[in-house]
Each structure stands twice: as C-alpha cells, then as structure tokens.
Amino acid sequence: MKGTVIKSTGSQYQVRLDDGRQVVCRIRGNLRLQDFEATNPLAVGDHVMVELRDDDFSLVTEIVPRKNYIIRKSIKLSRQVQVLAANIDQALVIATPVLPKTSLGFIDRFLATAEAYTIPAGILFNKCDLYTEEIWSWIHELKELYTGIGYKVLVASSLQPEKVELLHAELKDKVTLFSGHSGVGKSSLINGLIPGLGLKTSVLSTMHAKGTHTTTFAEMHVLPGGGFIIDTPGIREFGIIDFNRAEVSHYFPEIFKVSKDCRFNNCLHFNEKDCAVKDAVEEGRIAMSRYMNYLSILEDRDIFR
Ligand code: GDP
Ligand code: ZN
C-alpha cells in the first residue's frame, strides 16, 4: 500500500495511505536508506510503501526516491543534517509588514534557499486587515518587484475568511511548504484553510522570542479540496548545502541573469571592475534591497566553510 509520511515523531511515523486512511508505522529494520547521513531516515512528504499489520505497528518497507528535499543542520556547527521535508511543489514564506514585521532580508534568504533547492517559491503577506494606505502602497511595490523576478506574491488576512478562501486555488492538489517567523499568523491561516484542524495559535503579547520555534519537526496537513500543507518550524540556516560564495548569485535570479555581462566570470559583484550587476543596481534595474541582501549573505561568515 502506498502512502505519504505526514508526521514524524522520532521512531514512529504517521502515514496517510493513498485511500485516505492513516496508520502509525515503524521502519523495517533492513530498509535501504538514502545515501547521505541524516539524523532522520524518513521525513514529512516522503512517499513510502507500507505493509499493514493488524496486531502491531505497520511497517514502512520502501522509500520512493525524493523529487526534492530541504535539510538543515541538526545542531549548529554540526555536520549532521536533518531532512525537514521532501517532495515539495512550492514554498511560501508567510510574512507581514506589521506586528512582527518581517524583514526583506529574511524574505530574500528564504527565496534564495528555495532557489538552491530548485523549489518554486512565493511570499504571502498576511494580516492585510491591519494595513494602512501607506503600507498598501509599499506592498504593491513589493508585489511588482517580486513578481517581476518570478515569485508568486499573495496577500491575505487570517481574520477574513473570504481572503483565506481565495488561497485554496493557489494550493489545490499541490504540496506547499509554509514557513515564517512565529507570530505572522501561519497557524491561524492554516486553521482557516482546514476547518476543524485547531492548531494552537499564540497570543501576540507573549511574542518576545521572534524567530524561535518550539516545534522541531515539520508536519503535513491535508487540505479538504486536495493537496497538502507542510508546516515547518522555520528554515533559517542558509549554509546547509555545500556551496561556495560564487554560487550565491545563482540564487538571486535577476542578479544571475545580469552577471553574464560582468567582465570577470568569477565576479562576486562586490568591488570588481566592470561589474554589470553593480551597474544594474545603480540604474535601478536591480532593486537595491535585493542587492544589499545578496551582499549580506555573501558576507555571512557562518554560511561558508
Ligand atoms: P504563528 O506563530 O505564525 O503560527 O501565528 P499565529 O497564528 O499563532 O498568530 C499570532 C497572532 O497574530 C495571534 O494573536 C493571532 O490572533 C494574530 N493574527 C494571525 N493572523 C492575523 C491576521 O491576519 N490579522 C491580524 N490582525 N491578526 C492576526
Ligand atoms: Zn559582477
């Protein structure tokens, strides 16, 4: 029987079978694992073959090769990685320009990370019920900027059911990863999309720890109209894949495109002569905020080994 891992709790896995039933599984002892060292052999989103047992835990007997996956370091500075989720169709960063305001730096890191994993990505600006006219005009500018680069930009409010309703079309029959700082309304949005789910939501006054998360595993939720949401505890580290500084610009599509015209083919677009990227920034063809966030990744000592 085929199924999808929707929750992992260490040694046990919740699997949704293709017929809609859910079973708790363990892994068969001699299962062949993926060929890199991960602290967890199975991740949310993995497609698996299951041998059903009536008297005991069912067994995962096979993992279907992953279309893609995202990993993070299991502990800071450790080489060991944890697979957060697999087989993702699109990744959305839930952001908000109000309370707690999401920085463009965080958004750009998220988008670049998605590029590194070749996962189509987008931004969902939440809490639009609180936007002033000034904020709306900024959101419209950002929408133009990011759709121009090729990212989906959505605006919603967890408090307005008709806005949440519009999101269903974007998520239908897809596996969508949701990420974001705590407090942006991710749980409220997912609750709005899946009636009866009842995820715990936080009270803003207790939100002193922006960006910290208590959940350590991703979890998958089934959308009533078809498709899945993967709720992640946050993807913050960018240094999880081995890459070098010259590759960072590959994950900023509009910078990468222009970089073909730089004089040096190993140009980092920092202080080199005849840099087409710097010219484009000066002429406004590349947004200053994107360029600055590119530089901040480039200068992040923690990322590169
Ligand atoms: P999470 O940490 O991202 O899962 O955020 P929660 O869903 O727990 O929401 C954090 C706080 O923001 C709660 O107090 C929610 O009531 C509030 N909230 C969530 N979505 C919205 C929204 O669209 N508009 C407004 N005004 N508040 C929201
Ligand atoms: Zn350059």
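Each ligand, and each atom within it, is numbered from 1 in the order the structure gives. Counting begins at 1 with the first residue of the sequence.
- Lys143 and Glu141 are not joined by a salt bridge, as no carboxylate oxygen comes within less than 4.0 angstrom of a charged side-chain nitrogen.
- Cation-pi geometry between Lys67 and Tyr69 is not satisfied (NZ or CZ under 6.0 Å from the ring centre, within 45° of the ring normal).
- Annotation for ligand 1: atoms under 4.0 Å from non-hydrogen atoms of Asn126 are 20 (N), 23 (O).
- Checking Gly183, Ala156, Gly180, Gly192 against atom 1 (P) of ligand 1, the nearest heavy atom belongs to Gly183.
- Few gaps surround CG on Asp56; more than 12 heavy atoms of other groups in view lie less than 6.0 Å from it.
- Taking each heavy atom of Lys278 and Glu272 in turn, the nearest pair found is NZ-O, 3.2 Å.
- Under the rule for a side chain to side chain donor-acceptor pair (under 3.5 Å), the partners of Asp19 that lie at least two apart in sequence or sit in another chain are Arg21.
- No more than 12 heavy atoms of other residues, nucleotides or ligands shown are found within 6.0 angstrom of CG on Asp54.
- Per-residue contacts place Ser187 under 4.0 angstrom from the following atoms of ligand 1 (heavy atoms of the residue considered): 1 (P), 4 (O), 7 (O).
- When heavy-atom distances to ligand 1 are checked against a 4.0 Å cut-off, Val184 comes that close through both its backbone and its side chain.
- Against a heavy-atom cut-off of under 4.0 Å, Ser157 is close to the following atoms of ligand 1: 23 (O).
- Between Thr201 and ligand 1, no pair of N/O atoms sits closer than 3.5 Å.
- The distance from ligand 1 to the heavy atoms of Leu130 drops below 4.0 Å at these ligand atoms: 26 (N).
- For Asp129, every heavy-atom contact with ligand 1 shorter than 4.0 Å involves the side chain, none the backbone.
- For atom 21 (C) of ligand 1, the candidate residues are Ser158, Pro100, Gly185; the nearest heavy-atom contact is made by Ser158.
- Inspection of the Glu254 and Tyr294 side chains reveals no N or O donor paired with an N or O acceptor under 3.5 Å.
- Less than 4.0 angstrom separates some heavy atom of Ser182 from each of these atoms of ligand 1: 2 (O).
- Neither the backbone nor the side chain of Leu199 comes within contact range of ligand 1; no heavy atom lies under 4.0 Å.
- Evaluation of the salt bridge (Lys or Arg N to Asp or Glu O under 4.0 Å) rule for Arg285 yields Glu283 as partners, not counting sequence neighbours.
- Considering just the N/O/S atoms of His269, the one nearest the Zn ion (ligand 2) carries the name ND1.
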